[in-house]
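Note sheet for the following structure.
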Protein chains: 2
Amino acid sequence: MMPKTSHAAGLHRASLEKLHDLDAALELMYYGWRGMTLLADEYLAKRGLSRPHHRILYVVARRPDIAIGSLIEILGISKQALNRPLNLLLERKLLTSKRSPEQHRSKLLRLTQAGHRIEQRASDHERKVMRDAFDRVGAPGAAAWMAVMETIADNN
Amino acid sequence: MMPKTSHAAGLHRASLEKLHDLDAALELMYYGWRGMTLLADEYLAKRGLSRPHHRILYVVARRPDIAIGSLIEILGISKQALNRPLNLLLERKLLTSKRSPEQHRSKLLRLTQAGHRIEQRASDHERKVMRDAFDRVGAPGAAAWMAVMETIADNN
DNA sequence: GGCGTCACGTCAATATAGTTGACATGAGAA
DNA sequence: TTCTCATGTCAACTATATTGACGTGACGCC
């Protein structure tokens, strides 16, 4: 539900009247997501990639030899939606796909060296933002942040 | 960078291997945003509305008599992008627009009773999620959450 | 009183990120 | 052999954005 201002590059928090005491929290969730992903998205954009590509790289990095079907399930998108970004990553040789020896009908995905590098750098941008924020509140504050987010995330 | 599972309705947190200690935080940010907006989005969808409509209603609720140009600036979108959702809200009579007595060239937007009701109910869904999460960690935990998110949000 | 600018409206083309449906292929299992 | 699984791909569509161009009515000013 929110905003931006003068500078073209980055939106900043709007100073809207608060009608409820939790309005600030709603706005922080919105701006927080943007704040965390802003640098990573800029980094990816310079390489002609975007969030969907990062999501694929992120998952494959953590599940080497994942099959395409599993990837679709984890990402929560259709195979048609996966197709384009996945093929781009294969063309760019950020990912490799090979069929497994036994289960010859599924393709197993892996990151190449270059793929690892990009995944790491993009995620590093996001982790740095989190680290800086956690450093300001110390370990107990960080733990509280995690606890709050877990409660919200599991609200399904 | 993430996920989903069996049920069609709501994604749930993926159990991916953590390569870095802050990976959990990255995933929580992703799922947290979804978790907070899930119920509100379902509520809005039942009424043929979506996030952009809610953003407009949210801002107008907090800036009665806002001009279209200011709304564009706050939302950070182009006037062409604003056009469709704004006109829908006007057609549905959730918003009114009138020209001001003096400044006859700008249009002033206001919520109708129905508009207020929808804005309030949608935002209530989000505030409830936040309230439940804050209740679990108490006031100091909530303050820590806010402090972390402010640092991240201002990362522009 | 005319000129320029401001605020708004709208048309067209494009991009991105997704959807559903249909259909094809090669591999394995029954 | 036939059925099903895992994958690939084509087409059409939706939603949400973008930029550029152009139009109109309302002021502001010399």
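Side-chain atoms are counted along with the backbone in the values below, which use heavy atoms only and exclude waters and symmetry mates. Note on naming: letters A, B, ... go to the chains in the order of the sequence lines (proteins, then strands), and numbering restarts at 1 for each one.
- Regarding A/Ile68, its CD1 atom lies at a distance of 17 Å from the P atom of C/dG26, rounded to whole Å.
- To the nearest angstrom, P of D/dA6 lies 16 Å from CG of A/Leu82.
- With DNA chain C read from its 5' end, the first of the two nearest nucleotides for B/Ser106 and A/Pro85 is the one closest to B/Ser106.
- Considering only side-chain atoms of B/Ile77, the nucleotide from D/dT18, C/dT19, D/dG8 that sits closest is D/dT18.
- Between the side chains of B/Glu27 and A/Tyr58, at least one donor N or O sits under 3.5 Å from an acceptor N or O.
- Among B/Arg121, B/Arg127, B/Gln120, the single residue meeting the side chain to side chain donor-acceptor pair (under 3.5 Å) criterion with B/Asp124 is B/Arg127.
- For A/Arg55, counting side-chain heavy atoms from C-beta on, the closest listed nucleotide (C/dG9, C/dG18, C/dA27) is C/dG18.
- The separation between B/Lys107 atom NZ and D/dA26 atom P is 12 Å, rounded to whole Å.
- Contact annotation: B/Lys79 side-chain N/O to D/dT19 OP1/OP2 distance is not under 4.0 Å.
- Hydrophobic cluster membership is shared by A/Leu88 and A/Leu86, with clusters built from Ile, Leu, Val, Met, Phe, Trp and Tyr side chains linked at under 4.5 angstrom.
- Within 6.0 Å of CZ in B/Arg136 there are 12 or fewer heavy atoms belonging to other residues, nucleotides or ligands.
- For the OP1/OP2 pair of C/dT19 and a distance below 4.0 Å, the side-chain nitrogens and oxygens of A/Ser78 include at least one atom meeting the criterion.
- The side chain of A/Gln80 sits closest to C/dT20 out of D/dT16, C/dT20, D/dT19.
- Checking the phosphate oxygens (OP1, OP2) of C/dT16, no side-chain nitrogen or oxygen of A/Ser50 falls inside 4.0 Å.
- Put simply, CD1 on B/Ile56 is 14 Å from C1' on D/dA15, counting in whole angstrom units.
- Of the side-chain N and O atoms in B/Asn83, one or more sit less than 4.0 angstrom from OP1 or OP2 of C/dT10.
- For the salt bridge (charged side-chain N to carboxylate O under 4.0 Å, His left out) test with B/Glu126, the passing option among B/Arg131, B/Arg55, B/Arg51 is B/Arg51; the others fail.
- Rounded to whole angstrom, the span from the CZ atom of A/Arg84 across to the P atom of D/dG8 amounts to 16 Å.
- As a whole-Å value, the separation of B/Leu44 CG from D/dA15 C1' is 15 Å.
- Side-chain atoms of A/Arg105 lie closest to C/dA27 of the nucleotides C/dT10, C/dA27, C/dA7.
- Between the CG atom of A/Asn87 and the C1' atom of C/dA17 there is a distance of 16 Å, rounded to whole Å.
- Whole-Å rounding puts the B/Leu90 CG to C/dG9 C1' distance at 13 Å.
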